[in-house]
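Chain letters run A, B, ... following the sequence lines, proteins first and then strands; every chain starts at 1.
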Amino acid sequence: MAVAQPTAGAVPSQAPSRWAKMWKSLSIIFESRIATVGMVLVLFWVILGLISLVWTPYPPNASEFTQNLPPNTTNWLGTDHLGRDILSRLMVGTQVILLKTRLPWGGLVFPIGVAIWGVIGSVLVGAFLGLNAGYRGGWWDQVTMQFLDALIAFPVIVLYLVVIAALGQGDLVVILAITVTGAPGVARLVRSLALDIKTRDYIRAAETRGESPWYVMFVEILPNARGPLIVDSMLRVGYAIFAIGTLGFLGIGLPPPDPDWGNMVNEARKNIFSNQWAVVWPSVAIASLVIGLNLFADGLREELTRYQK
Amino acid sequence: MARFIIRSLVSTFITLIIVSVALFLLLEVGSGDITVKILGVFSTPEQRASYRNQLGLDDPVYLRYIDWLIGNEWRAERQVGFDLVTAPNPQTGEDTWWADVDGQLIRWSLEEGELMKLVRQEDGSTVASLADAVWTTDEGGQESFWGVDDKNNAVKWVRGEGAEVWVLTKAGLRKEGDGPQDYIPLRKGLIRGDAGKSLQYGRPVSVTLWPRVRNTLVLAGVAFLVVMPLALIFGIIAGINEGKPIDRFISVTSLGATATPEFVTGIFLILIFGIWLQWLPAVAIFTSADAIFENPALLALPVLTLTAVELGYVIRMTRASMVEVMGSPYIRTAILKGMPYWRVVARHAVRNALMAPITIIMLHVNWLIGGVVVVETIFGYPGLGKYIFDAAIFGDVNAVEAAAMLTVIIAVLTRILGDLAYTFLNPRIRYA
Amino acid sequence: MTRTNGKVPGGPVLSVEDLAVAYKIRGGEIEAVQDVTFDIQRGEAHGIVGESGCGKSTVTWAILNFLGANGYVKRGGIKFLGQELVGRSGEELRRLRGDQIAMVYQDPMQALNPSMRLGDQMKEVLTVHRGLSDKEAEKRCISMLERVYMPDAANVMHRFPHQISGGQQQRVVIAMALLNNPALLIMDEPTTALDVTVEAAVLDLIAELRRDFDTGILFISHNLGVVARVCNKVGVMYAGEMVEVATTEDIYKNPQHPYTQGLIRCVPKLGSDKASSMLYPIRGRVPPPNNRPPGCVYGPRCDYFQDRCREERPELRKLPNGVEVRCHFAEKIDPSKWQPSEDILPPKVRQNGDKEEYIIEVKDLKKYYEVQGSSLKDVFGMSEPRYVKAVENATFNVPKGKTLGIVGESGCGKSTLIKTIIGLEDSTSGDAEFLGLDITGDLTTRTEQLIQELQMVFQNPDSTMNPSYTVGQQIGRPMLRFGTVPKGEVRNEVIKLLNLMRLGANYYDRLPRQLSGGEKQRVGIARALASRPDLVLCDEPVSALDVSVQAAVLNLLLEVQAEYGTTMIFIAHDLSVVRFFSDYVAVMYLGQIMEIGPADAIYALPYHPYTEALLSAVPIPDPSAKQKRIRLEGTVPSAISPPQGCRFNTRCPRRQLLPDGGKICETETPPWQEDERGHRIFCHIPRETLLTFEPVIQTKERAV
Amino acid sequence: MKKPQISEKYMEKIHPAIPDAYQKLKEGRVSRRDFMRFATLLGLSAGAASIAAQCGAPAQPAAPPAEGGEEAAPATEEAAAASGGAIKRGGTWTSSMQLQLLDHPARLSWVEGANIVRQFGEYLTETGPDNITRPYLLDRWEASDDVMTWDLFLREGILFNNGDELTADDVIFTFSEWLNPDVGSSMLGLLSYLSGIQDVEKVDDYHIRLNLQTPNIGVPEHLFHYPAIVLHRNFEGDIIQQPVGTGAFLLEEYAEGERAVFKRREDYWRMGEDGSPLPYLDELIYVSTDKDAGVAALQSGQVNSLYDPRPSDFQALKDVPGLTVRPVSTAQCLVLRMRVDVEPWTDVRVRNALKMCQDREKIMQLAYFGEGDLSIDAHVAPVHPAYCPKDIPAYDPEGAKALLAEAGYPDGLTVTLATKNDQQEPELAQALKELAAAGGFDIQLDITEPSGYWDRWTEVDLGITSWTHRPLDTMVLPLAYIQEAIGAWNETRWTDEEFETLLREAEGTLDVEARRDLMCQIEDIMQERGPIGNSFWKKIWNITSSEFQNVQAHPTAYDLMYEVWKEDA
């Protein structure tokens with residue numbers, strides 16, 4: 001039988017390279033001005049944090065300067081109530097949130113920060129629960145959702161407090177707390193996505209191939225939930241940073257000696273009468289990073305929905 | 001609709017059970033040896049073990065959970081053989097436990113091997129006398145007696161074998177002979193309002209908790225009343241002007257407000273209005289129990305702080321919903337029916353646009369409570385949030401449990417309200 | 001009930017001239033519609049047909065000046081009753097909308113406000129535009145609802161949209177549009193979302209209203225048959241341009257534009273089958289608005305393409321016979337001399353041997369679903385369980401290499417039936433065997449081999465492929481999973497299949513979003529074939545496709561069947577397609593097979609009364625055909641408590657033929673009446689009586 | 001002002017040692033402060049002692065070892081000057097202080113509670129902000145020469161707020177509560193020289209005699225220990241239910257965790273400068289907030305004072321207009337303690353090397369904003385009466401290095417320093433870490449929650465432990481540095497025979513000068529071979545709105561409110 005090329009389908013047959021593909025998926029970010037602004041904000045802090053791994057203007061914990069200096073040429077952002085350089089502390093403060101996790105054993109350090117691990121945790125747990133609830137439905141769904149409802153009923157901060165009251169402080173506890181508080185939201189999202197996606201014909205196709213439920217959930221459904229999931233994760237990292245800041249402010253966040261933005265605000269607020277800058281900078285840091293992630297997520301979401309249309 | 005509501009009630013009930021189990025496991029079981037917290041770090045293992053027995057901590061977990069949730073005098077009554085009742089302590093008004101023996105309220109104590117009977121008088125004092133022969137002999141030939149001691153426990157004494165126990169007096173631990181062999185610390189259980197004693201304040205949790213709950217309800221309620229209309233109005237305005245400057249302005253401002261943590265907003269509000277300008281009270285100093293009613297200005301900054309954060313969130317929700325609704329076919333229908341714009345917005349769009357946010361807003365009461373914890377801490381506002389925070393920091397397990405349970409109940413109740421509002425707004429459910 | 005609006009009669013209600021609509025997008029703008037010109041007279045129904053993406057709807061939005069924030073009328077004019085609409089103020093337009101110009105939409109459920117009572121939604125049209133009091137408005141609304149044959153009209157006023165059926169919703173929308181007796185009624189695919197019998201009733205209503213109200217109607221549809229039934233004039237749109245405007249008669253009998261001709265050749269005629277007729281798809285696809293070819297937009301797909309077509313854009317011109325057409329060579333084209341080019345040539349249908357070896361045998365198959373009620377008892381699980389009887393006693397066989405078509409309206413259980421067969425659901429009772437193997441259980445009870453033998457092709461091209469994986473991965477997966485092809489060979493095998501689907505090897509690495517609907521559907525077919533199944537179940541594989549693509553996919557399926565001798569079960573709601581494609585046909589209603597037999601027997605006397613009603617409802621793209629008008633009353637009963645006796649008895653238009661007005665239909669299950677060819681009818685009315693009916697459709701060529 | 005005269009005879013009558021001390025004062029061998037302390041210790045009423053001191057002292061007392069004395073003096077003078085002016089009555093004083101459960105005053109274990117009870121109850125004696133103890137409800141006391149018998153003479157005519165007069169019965173009831181193990185008062189341990197209530201003898205209605213089992217010089221101080229409020233004889237165990245006391249205010253409301261409200265009492269026994277009964281203020285309100293909120297409230301003027309401000313609070317408040325900061329030196333410190341039974345701290349050279357790494361000035365600056373008094377490496381503070389002034393050791397990292405090398409660690413030493421993140425320990429630890437690096441110590445920090453540290457404070461090898469203020473040197477050293485205390489509070493396991501002998505001697509020595517001689521040796525031993533480093537003594541601050549006059553800063557953060565008055569704003 002003669003095979004004819006449909007004219008409209010005549011596209012250069014050169015398969016795009018992996019890099020080109022990656023660039024293409026990244027380019028979606030630059031399509032949106034909002035997402036670009038957001039990414040720049042986030043990258044700003046990531047880069048600052050990376051720099052701080054090898055260099056900071058001054059040692060972050062060393063009280064080398066006069067206390068409570070306003071911004072000046074030596075200390076660009078001023079000094080805090082113990083005469084420490086605020087810029088250095090801010091830079092290092094990025095690390096625990098975004099770049100490293102301190103394990104309680106022998107001062108071991110693990111790459112990637114507490115906020116991100118927490119979100120990864122909630123995405124893993126939430127995706128697992130949400131996929132099962134959404135795809136399997138019935139009994140699975142009832143039990144899972146009931147359980148998640150119970151978790152959601154906890155005011156988040158209260159849940160943090162309970163977890164921390166029970167387990168004490170530490171990077172891992174904060175990660176656990178973020179995971180526990182974030183998982184129900186992710187699960188609900190993934191569940192609703194799974195409920196939608198599972199009505200698609202390609203799921204029927206997989207089922208009629210006799211694929212196992214695990215295959216259907218993780219290979220067929222999950223990849224198609226990634227768009228909203230990535231957007232949601234961005235927002236969640238924002239929440240997590242917000243929450244870590246709040247915990248730090250309450251004095252039950254990430255343990256010392258690394259500076260913690262929330263704790264910096266807490267310590268500086270007592271001296272706010274004489275030195276507002278020391279409160280302003282970490283506040284701006286938290287807010288800008290959270291705003292950055294929000295904008296990034298918003299822009300990404302807009303682009304993704306546009307893309308789907 | 002009935003089905004919807006009943007489902008939601010049943011689900012709420014199950015939720016509360018799960019939450020209570022989780023709380024109990026986390027705090028009572030998960031948080032390590034509570035006796036260390038009570039007896040202090042200088043206590044010895046022997047003292048802790050004795051005290052664990054007195055607190056009933058050696059019982060299986062499920063039994064402790066039941067005791068904690070619904071009380072245990074019914075369990076103790078089977079051992080003691082009399083009804084167990086409470087009567088107030090004439091001085092403190094706190095409940096004390098007694099056995100009701102033919103109308104007489106009685107406790108026992110073992111002194112020098114002799115069982116003494118303490119009969120409660122009208123005025124609350126007790127008269128001691130030697131108890132009659134009450135020992136019963138079990139199969140092992142052991143003579144024992146179950147009764148109520150003077151520390152609100154149902155206890156088992158064994159004749160001639162007074163145990164050596166470490167008793168926690170207000171003065172600290174003291175070793176006593178003549179102690180009981182087994183304890184059931186009597187309590188009514190959480191659902192009957194007995195949350196145990198606060199380890200921090202030493203008073204029953206229920207006594208210290210309620211004024212705090214009232215204060216928080218006032219704070220959160222006022223914040224809610226401020227946030228809701230404003231947020232819905234701004235959200236709707238932004239939503240119907242999608243993409244226009246006013247939308248950009250509202251969206252950016254609300255994003256900024258949402259992304260700025262409560263503690264930052266709060267601190268600067270304190271600095272500006274409380275300390276620099278001195279227009280408003282910087283922190284919530286309750287010089288009397290009804291301070292918020294006598295001086296409502298105390299609420300101003302906490303409410304403003306809560307508003308700033310919550311407002312942004314709800315505006316964003318409402319806006320998104322409004323945008324979606326405004327793009328829906330039935331709005332197109334309404335416009336193409338030639339309805340004036342404001343009629344379209346007011347009659348066709350708003351109601352549908354509020355459906356989604358209202359449920360989410362009600363779910364968001366959790367966040368509000370979370371925000372309340374922070375706000376109350378910043379402003380020193382004596383409410384539930386600060387109560388939980390202080391209790392958690394102190395390790396006041398009983399208080400954390402009760403207060404956390406209460407927040408969950410509040411959250412769940414608002415969720416039901418949200419469901420009801422949704423039902424009301426959505427005829428698809430109302431007439432299903 | 002006629003009323004004039006004090007407007008000068010005579011002139012066109014609507015006059016669109018050289019309309020061009022553009023949408024601003026990032027980095028430029030797109031002209032979605034160019035140079036559209038047509039007039040609508042009072043009492044005239046002017047249809048616009050065309051495939052999706054042709055700009056039909058954009059024209060309607062332009063008329064209503066509802067183009068969104070980024071759309072605008074770039075050129076041309078729209079005159080309504082002689083007045084220019086373009087450039088009018090929002091307030092002036094608002095006064096016209098809903099009053100002088102009304103609109104009916106594709107999906108009535110979406111178009112009605114879910115949280116407002118229907119009465120309120122209707123009344124406001126009167127109170128706002130006419131300043132009527134609430135009471136008067138209510139009265140008018142009720143009478144208008146009665147006018148559109150809405151049962152229980154006064155009550156409906158107090159209901160919410162979700163409380164009435166789709167057909168009733170559309171009646172409400174139509175009533176609402178007519179309340180102010182508009183001069184122009186715009187209908188955008190008003191029946192597309194409706195079942196065929198409901199559609200027929202609504203179309204009847206529209207035709208009737210057009211006569212009675214003397215309204216000019218602009219009727220948009222992709223379905224040539226629907227347009228033929230309603231309109232007296234038709235414009236054909238292609239790629240944002242009006243390529244032909246003519247009377248309905250002319251369009252169908254004497255199409256002038258190659259595109260119109262192509263469209264008509266794509267559609268199977270009701271009653272034609274694969275053995276006796278052929279479908280000729282139009283090659284290629286509609287170009288996207290930002291990538292239209294220079295010159296004639298249809299050029300790349302046209303069989304008569306010449307250099308001039310590339311260089312010069314044809315104008316819409318009036319031919320001597322009054323037909324307006326946008327083609328340089330309209331006069332020179334004789335459609336009767338048309339020969340298909342090789343790339344669209346349909347396969348020869350090979351007649352598989354007459355040996356009737358059944359590949360699948362189903363007997364008394366039942367599928368019930370348990371449902372939860374909404375009463376208190378139900379919530380606590382204390383009431384008797386209730387069931388949706390989705391499939392009741394289905395019995396049929398399919399011979400190897402043949403196709404069984406299943407038709408029926410939505411909710412008739414046809415999808416459940418094939419889901420049960422393929423194992424997505426287990427059956428409640430009955431027997432089903434595939435090559436002697438039991439298939440009553442669901443997939444978990446089946447062996448790999450059995451699973452591999454049964455595959456499925458799905459309806460929606462947009463959801464048939466997983467957006468996350470490439471074409472190659474998705475076609476290759478069944479091969480890997482069932483090990484039908486050694487790992488190293490998979491790529492080659494996939495490319496072979498792609499070639500069979502007339503897709504090149506370069507499709508291997510494409511993602512679904514880079515494919516058109518037809519291409520996706522082909523990939524879906526390739527994936528179903530990848531495990532080399534003996535039985536392929538096709539669930540409405542072409543119903544979401546444009547007609548030109550539909551023809552190509554149908555041809556492809558025929559080719560596959562010819563190539564592999566695959567047996568197929570083919571579900572569709574389009575009776576023409578089923579008739580064309582199938583060897584055997586089953587007609588289902590409310591979970592029950594009503595009639596089954598060889599395809600030609602179903603479409604000829606004797607009919608089951610339901611089949612008869614279905615056939616009489618089919619819109620036929622032939623204005624000259626005479627079609628019997630049988631309309632079903634009421635709505636489909638609930639499958640939870642289907643009527644006793646014959647399930648069709650509540651709506652059967654023929655039961656009066658039986659004694660006692662068909663009392664027996666309510667009490668006794670009908671018998672199967674079977675003839676020697678295996679044509680079975682599930683009806684109390686004797687076959688002999690059924691044979692005395694008139695054929696439903698009579699065309700010049702044949703009677704159906 | 002005419003100098004009042006007091007005869008030496010009168011002094012002799014009180015205690016034979018007083019004239020001797022007075023002589024020393026006149027010769028300038030003791031400071032006025034030391035004399036006051038000594039004289040009142042032996043029963044001379046504070047007023048009389050103060051008069052005597054004014055008579056006897058040369059123009060300026062010999063330089064007191066601590067700045068605290070100097071700063072305290074102007075404060076009192078300022079108060080005195082102000083009191084000469086127009087005292088205003090009325091007004092409300094509000095303070096931020098955390099309030100916990102309060103029932104039996106004798107059982108108090110937290111100063112906040114004592115600050116509540118002190119407003120409506122009183123003590124037999126009073127140790128003033130100047131660290132001098134004077135009779136209070138007592139008219140005077142007399143101690144026998146062997147300090148085995150103490151006669152307490154009660155002031156007559158003092159009324160409880162329920163109208164009853166204060167008599168020996170009330171005092172004896174109070175003693176019986178202290179000595180009853182069931183009550184669980186910390187007084188029981190303090191009064192270890194009384195075997196039971198039988199040792200408390202009522203001589204007449206206003207005369208109580210204490211028959212000590214062992215000699216003790218600290219009785220007057222002990223009677224001002226914060227749980228030692230004098231109770232009414234009918235007291236039943238809950239002071240909130242039964243707020244009966246002799247004090248100048250009446251308890252209106254007490255809610256733990258919330259607030260306490262007091263109103264002035266009309267018939268209080270002490271008279272103000274204007275001749276009417278004290279107090280001057282109408283109302284006291286304590287609001288239970290945490291410190292951070294308290295700071296903000298003080299900054300904004302919502303409260304007038306803040307209980308025991310932390311150094312960071314002091315930093316935040318010191319420049320706020322409208323607030324007066326009154327610092328006071330204390331014997332609170334953060335002890336760098338080394339366990340001498342664990343390597344490498346068994347080697348005195350290693351211990352001394354680490355001590356040499358203390359740049360005390362810098363540590364005090366970093367950990368305490370310089371708001372303290374530099375210390376030697378001994379647990380004896382300049383505010384202690386018998387403190388023997390010594391030079392502050394210099395920072396000597398090179399010396400430390402050499403010493404380490406000598407001890408067998410030429411390449412330095414890695415050690416783990418444990419402490420809690422409570423007061424200023426983390427800052428101190430951080431500062432020490434950096435300073436000691438130059439001396440060859442690589443210090444790893446192990447900082448935990450307070451409870452985490454208190455779980456193991458006696459067990460860690462190297463740690464920083466916070467020690468509270470005790471008015472007498474002889475009250476703290478036996479707690480932590482003798483053989484007997486091993487297993488209890490001897491966290492370092494350090495014992496030294498010579499040290500212990502000297503300490504025992506000091507405990508039985510009344511004469512301050514003699515005790516100072518002993519202390520000189522004790523301090524030397526601790527510096528030379530002791531187990532602790534100690535960089536500075538903390539100061540604390542009383543921070544109160546400036547319109548309040550006559551405010552006294554007390555080293556244990558007691559709120560003494562009776563004579564405070566408020567200027568018109």
Side-chain angles (χ1 to χ4, degrees), chain A residues 1-18 20-21 24-25 28 30-33 136 138 142 193 196-213 215-227 229 302-304 306-309, chain C residues 26 283-285 287 300-301 342-345 347 419 422-424 443-444 446 448 450-452 454-469 474 477-478 481-482 499-500 502-510 512-516 518-519 524 527-528 531 537 539 559 563:
Chain A
M1 180 170 294
V3 172
Q5 290 287 336
T7 46
V11 170
S13 59
Q14 184 78 39
S17 77
R18 190 170 292 270
K21 270 189 201 163
K24 221 178 154 193
S25 43
I28 198 178
F30 300 110
E31 298 267 304
S32 156
R33 209 166 10 152
R136 293 180 195 257
Q142 294 275 329
L193 290 168
D196 178 23
I197 294 170
K198 83 168 181 180
T199 64
R200 306 291 165 83
D201 287 339
Y202 54 85
I203 302 302
R204 290 294 88 62
E207 286 167 352
T208 56
R209 283 201 303 270
E211 303 282 10
S212 75
Y215 179 91
V216 175
M217 283 190 278
F218 287 93
V219 181
E220 297 279 349
I221 296 181
L222 192 56
N224 295 308
R226 68 173 184 266
L229 207 50
E302 261 172 42
E303 283 310 305
L304 283 175
R306 236 164 48 90
Y307 207 52
Q308 276 158 9
K309 278 173 189 166
Chain C
R26 204 172 294 168
R283 79 166 85 84
R285 53 164 131 157
R301 304 177 75 187
E342 197 185 319
D343 56 336
I344 59 166
L345 198 64
K419 273 189 194 162
I422 200 149
L424 290 173
L443 282 159
T444 55
R446 300 185 183 183
E448 290 279 285
L450 186 53
I451 290 170
Q452 173 195 339
L454 298 172
Q455 286 299 313
M456 191 155 168
V457 176
F458 300 91
Q459 169 175 11
N460 188 344
D462 291 327
S463 81
T464 196
M465 291 188 68
N466 192 325
S468 301
Y469 299 99
Q474 298 196 52
R477 172 67 195 170
R481 172 162 164 71
F482 297 113
N499 286 335
L500 178 67
R502 306 193 173 199
L503 298 169
N506 55 345
Y507 278 75
Y508 189 91
D509 285 317
R510 292 206 192 162
R513 62 166 181 268
Q514 298 167 295
L515 307 183
S516 71
E519 287 165 346
R527 181 180 58 197
S531 67
L537 297 103
D539 184 1
E559 199 176 316
E563 185 85 4

Select one option (side chain, backbone, both, neither) describing which atoms of [X] are under 4.5 Å from chain A's heavy atoms.
X	answer
C/Leu537	neither
C/Arg301	neither
C/Phe482	side chain

Within-4.5 Å side-chain heavy-atom neighbours: A/Arg209 and C/Arg477:
yes
A/Thr208 vs C/Leu424 side-chain heavy atoms within contact, under 4.5 Å
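Yes, close enough: below the 4.5 Å cut-off.
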Among side-chain atoms of C/Arg481 and A/Tyr215, is any donor-acceptor pair under 3.5 angstrom?
no
Could you have a look at A/Glu211, A/Arg226, A/Glu220 and say which one has the most heavy-atom pairs with chain C under 4.5 angstrom?
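Result: the option with the highest number of such pairs is A/Glu211.
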Got a second to check how far A/Arg204's CZ is from C/Thr464's OG1, nearest 0.5 Å?
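These two atoms lie 11.0 Å from each other.
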Just give me the residue among C/Ile451, C/Val457, C/Leu443, C/Asn466 that pairs up with chain A most often, heavy atom to heavy atom, under 4.5 Å.
C/Asn466
Sidechain-backbone polar pair: A/Asp201 side chain, C/Asn460 backbone, donor-acceptor under 3.5 Å
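Yes; at least one donor-acceptor contact below 3.5 Å.
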Treating A/Tyr202 as the side-chain partner and C/Pro467 as the backbone partner, does any N or O pair qualify as donor plus acceptor under 3.5 Å?
no
On a heavy-atom basis, which atom in A/Ala205 and which in C/Phe458 lie closest, and how many Å separate them?
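Smallest interatomic distance, heavy atoms only, reads N-CZ, 3.3 Å.
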